[in-house]
Trainee: 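Below is one structure. I have some questions about it.
Atom set for the values below is all heavy atoms of this structure, side chains included, hydrogens, waters and symmetry mates excluded.
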Amino acid sequence: MRDFFSLERWLPGLATLLQYQRAWLIPDVRAGLSVAAVALPVAIAYAELAGVGPLVGLYSCILPMLVYALFGTSRQLIVGPDAATCAVIAAVVTPLAAGDATRHWQLVMTMTAMTGLWCLIASRFKLGVLADFLSRPILMGLLNGVAITIIVGQFSKIFGFTFSDRNLIEQIAGGASYITQTHLPTMAMSLTTLLTLLLAKRYKPAWPSSMVAMVVTAALVWGLNLDQFGIATLGAIGSGMPVFQLPDFPPGLMRELVLPALNLAMVSFVSMMLTARSFAAKNGYDIDADKEFRALGLANLAAAASQGFAISGAGSRTAVNDANGGKSQLVSIIAAAAIALVTFYLTAPLQYIPTAALGVVLVMASLSLTDFRGLWALRYSDRAAFWLALISFISVLAMGVIPGITLAVLLGLFQFLRNVMRPTDQLLGMDDKGVVRTLRDNEQVKAIPGILVYRFNSPLTYFNAPYFKRRVLVLLVQDPHNPKCLVVDAVASFTHQDISVMSMIGELHKDLKRRGIKMVMAGRHGQMSQWLKQAGIRVGDEGIILCPDIYQALRMTRCYREPVFKDDAVVESTTDAILSHWPQDDALPDSARLTLPSEQEAGATPA
C-alpha cells in the first residue's frame, strides 16, 4: 500500500528533483537555455507544418515540458513538437477542416486530447511493451517516408509557389511545371537561410543554427523592407496566455479522429522510447515504459488544454540537452520558462520571420529523420527486415501518412505473428567437453545416438501447436539414427498453460508410444507435472518422463543403444562413446554430471 501511494510511482520526475544536487545547477541552466534556443524556431516551423498559427507551436512547448518534468522517468528527454507528429496531424485534420482555420485548430486540439487519452489507457493496462512492437526496420521505413513527405511539402514555401495537388505522387510528377512558377525573391531568401544554417554549423557549432538563421533572415526583412518584393512572413501573431475554448464542430467529425489518434499515440510513443532509452543507456540509468506512456499522455492532455497540438520526444533537442551536460528534469523547466517569456512578452520580432526560412528549417530537421544508408544496409544484413522497411517507406509515399502508419502497425503485428506461428527450432547435441549445444554442420557438436534433443524457440499456444507436432514428427523421420527417445526443452516453449497445447502433447505422446519412442520433457518440472496431470496425460515410466533440465534428462534417460554407421562400418556401438566426453569434475552442478547408461545398469552412483 505504501508503494502504491509513493511519489516514485506517480511523480518519478518530481522524486528525482527532490534529490537534486547543487553541482547539477550550472549544467542544467546552460542546457535549458540551449534547448529553448533550439525549440523556439522549430516550434514555430512545426506549427506551420501542422496548419496552425505560430503561437500554437509555442503553447505546445510550455505546459507539456513542465508536465513531463514531473511525470517522466527520463532525465534527458525533451518533449515538444515533432516533425512526424505534425505531419500526421496535418494529414488527418486538413481535409476535415475544409479550409476553416478555427475548425482546423479545434480539430487539432481534439486529436491531441484523444492521443493523450489513448496513451493513458495504454499505461493503465501496462502496454509499455508496445515500445518494442514497431520494429526498428519498420519505424525506419516509416520515418524515411514521413521525412520525404515533409520535404516535398515544404518546396512550395521554399520556391514560392502553391501546390494544386494534395497527394505526394502527383506533386512529384508535376515538379517540372511547379518549378517554372518559382518566385525568385522567395528562393533567394531560402538560399540565404540555407547558407546561414551551414555557416553557423561550420564555424559556430555550439550555437543554435536554426535560431541564428531565423534572426538573420528576420533582420534582413525588417531592415531592408523585403516584404515589398512579395516575400511572405509570419505577420503579427499576438502574445499572451492561451484562451481556453471548447470544440465547436459536428460530433461526427470526432469519429474520424479516433483511429488516427491511436496511430499517432503508437508512433509517438515508439519514437519517444527509442530516444529515451538510448540516452538513458548512455547516462547509466533505466526508464519505465509504462510510466513513460502515462507521462506522454498527460503531456498531450496538457498540450490540448493549453490550446496546442500533439507532442512527442524530440530527438534533436534531447541531443542538445545531453551535449550541454543536462543532469535532470530541471532542464525542461528552465527551457519552458524561457519559451514562456518569449511567448507572453517578446513575440513582436517574430512577425518578420519569412515562411521560406521556416520551410528550410523544416527540411533540415526532416533530413535528420532519414536514414537511407541504414535502410539499404539491411539488404545485406537482414533481407526480411529490409523488405519490411521498404514496404513501410513506399506505403507512406504512395498512400499517405495515415494509411502508411496503419500499414506499418499491421506489418509489425504480422511480423510478430509470423515469428510466433513459425518460429525457428533447433536440434541439440554435445561437444567434446560435454556441453549441450546446437547441432550445426561441423564436427565440434555431435548428435547423441538414440536421442533427439529438440528446442522450439517460441512460447507454445493454440495457433502454433500443430506446427510443433509436425516439426517433431518430421525430424524424427529424418534422423538417420532411428532415435528411441525424444527430449524436448520445455523451458523455451512451455511458458503458460494452454488446453490446446496439452491436447496436442497428449496426441503426440500416443503417436510416439506407438512407434516405440519415449518422450521426455526437460525443464519446468513442477509446472509441467501439474499441467499434464490436469490434462489427463500420464506422467512417469508409462507416460511422459519429466526432468528438471536437459542435462538431467540425458543423465536419467535410459535409451536403447543403436550402432552408428559410416560408410557401412560401425564407428560407435553405444551412446557411451559420446557420453563419455561428459566432464566428471566437481566444478559441474549435480544436474550436469552425467552417469553413463552402462554405469546406471551396474548400479553405479553419479560422480
Side-chain angles (χ1 to χ4, degrees), residues 423-432 434-457 460 465-490 492-494 504-523 528 532 537-547 549-582 594-602:
T424 59
D425 55 4
Q426 298 164 282
L427 291 179
L428 306 178
M430 189 183 299
D431 64 12
D432 293 338
V435 178
V436 174
R437 296 170 55 187
T438 303
L439 284 174
R440 296 186 177 89
D441 295 330
N442 57 53
E443 298 181 356
Q444 295 179 354
V445 183
K446 298 180 180 180
I448 303 173
I451 306 176
L452 185 74
V453 187
Y454 180 66
R455 175 179 292 162
F456 191 73
N457 295 319
L460 270 169
Y467 178 71
F468 174 90
K469 180 181 177 181
R470 290 198 302 271
R471 285 294 298 162
V472 168
L473 294 177
V474 167
L475 291 171
L476 286 170
V477 171
Q478 292 177 347
D479 194 310
H481 300 151
N482 191 23
K484 297 299 182 180
C485 179
L486 169 69
V487 177
V488 177
D489 181 4
S493 50
F494 290 86
M504 177 274 295
I505 293 298
E507 295 171 1
L508 179 61
H509 173 248
K510 291 179 182 178
D511 196 342
L512 296 178
K513 191 173 182 180
R514 285 194 298 268
R515 304 181 186 202
I517 300 175
K518 288 183 175 292
M519 186 173 182
V520 181
M521 292 290 184
M528 291 302 303
L532 291 173
I537 302 173
R538 181 171 296 186
V539 175
D541 292 338
E542 299 299 322
I544 297 177
I545 300 174
L546 301 180
C547 296
D549 55 43
I550 291 179
Y551 291 101
Q552 189 76 355
L554 294 175
R555 177 175 176 240
M556 296 176 62
T557 301
R558 299 187 180 188
C559 295
Y560 294 98
R561 298 171 177 80
E562 292 292 335
V564 178
F565 294 93
K566 184 176 182 181
D567 298 330
D568 296 328
V570 178
V571 295
E572 293 182 6
S573 59
T574 70
T575 59
D576 294 2
I578 288 183
L579 299 182
S580 63
H581 292 295
W582 198 294
L594 186 70
T595 300
L596 304 181
S598 58
E599 295 173 346
Q600 290 179 349
E601 294 172 359

Trainee: Take the angle between the ring planes of Phe456 and Phe468 and call it parallel below 30°, perpendicular above 60°, tilted in between.
Mentor: perpendicular
Trainee: Could you go through the side chain to side chain contact (heavy atoms under 4.5 Å, CB included) check for Ile544 and Leu546 one step at a time?
Mentor: CA-CA 6 Å; Ile544 297 177; Leu546 301 180; 4.2 Å; yes
Trainee: Could you tell me the separation between the NE2 atom of His509 and the CD1 atom of Ile537, rounded to the nearest 0.5 Å?
Mentor: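 Between His509 NE2 and Ile537 CD1, I get 8.5 Å after rounding to 0.5 Å.
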Trainee: Evaluate the side-chain proximity of Leu512 to Leu473: yes if any heavy-atom separation is below 4.5 Å, no if none is.
Mentor: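 Sidechains of Leu512 and Leu473: in contact.
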Trainee: What closest approach, in Å, do Pro449 and His481 show between heavy atoms, and which atom pair accounts for it?
Mentor: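 The pair with the smallest heavy-atom distance is CA-ND1, 4.3 Å.
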Trainee: How far apart are the closest heavy atoms of Gly523 and Met528, and which atoms are they?
Mentor: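 Result for this residue pair: O-CG, 3.8 Å.
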Trainee: Determine the minimum heavy-atom distance between Ala522 and Val487, stating which atoms define it.
Mentor: CB-CG1, 4.1 Å
Trainee: Looking at every non-hydrogen atom in both residues, tell me the closest pair between Val520 and Ala553 and how far apart they are.
Mentor: CG1-CB, 3.9 Å
Trainee: Report the C-alpha separation of Ile505 and Met519 in whole Å, then their side-chain angles, then the decisive distance to 0.1 Å, and conclude whether the side chain to side chain contact (heavy atoms under 4.5 Å, CB included) test is met.
Mentor: CA-CA 10 Å; Ile505 293 298; Met519 186 173 182; 4.1 Å; yes
Trainee: Roughly how far apart are Asp511 CG and Leu476 CG, rounded to 0.5 Å?
Mentor: 9.0 Å
Trainee: Looking at CG of Asn482 and CZ of Arg515, how far apart are the two atoms once the value is rounded to the nearest 0.5 Å?
Mentor: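 These two atoms lie 10.5 Å from each other.
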Trainee: Answer whether the closest heavy-atom distance between the side chains of Leu427 and Leu452 falls below 4.5 Å.
Mentor: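 In contact.
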Trainee: Determine the minimum heavy-atom distance between Met430 and Leu554, stating which atoms define it.
Mentor: CE-CD1, 4.2 Å
Trainee: Please report the shortest heavy-atom distance between Leu439 and Lys446, naming the atom on each side.
Mentor: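 Closest pair (atom of Leu439, atom of Lys446, distance): CD2-C, 3.6 Å.
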Trainee: May I have the step-by-step check of side chain to side chain contact (heavy atoms under 4.5 Å, CB included) for Val435 and Tyr551, ending in yes or no?
Mentor: CA-CA 9 Å; Val435 178; Tyr551 291 101; 3.8 Å; yes
Trainee: As an exercise, state the distance from SG of Cys485 to CD1 of Ile451, rounded to the nearest 0.5 Å.
Mentor: 5.5 Å
Trainee: Are Asp489 and Gln426 side-chain neighbours, meaning at least one heavy-atom pair lies under 4.5 Å?
Mentor: no
Trainee: So how far is it from Arg471 CZ to Tyr454 OH, rounded to the nearest 0.5 Å?
Mentor: 5.5 Å
Trainee: Could you state the interatomic distance from NZ (Lys510) to CZ (Arg538), rounded to the nearest 0.5 Å?
Mentor: 11.0 Å
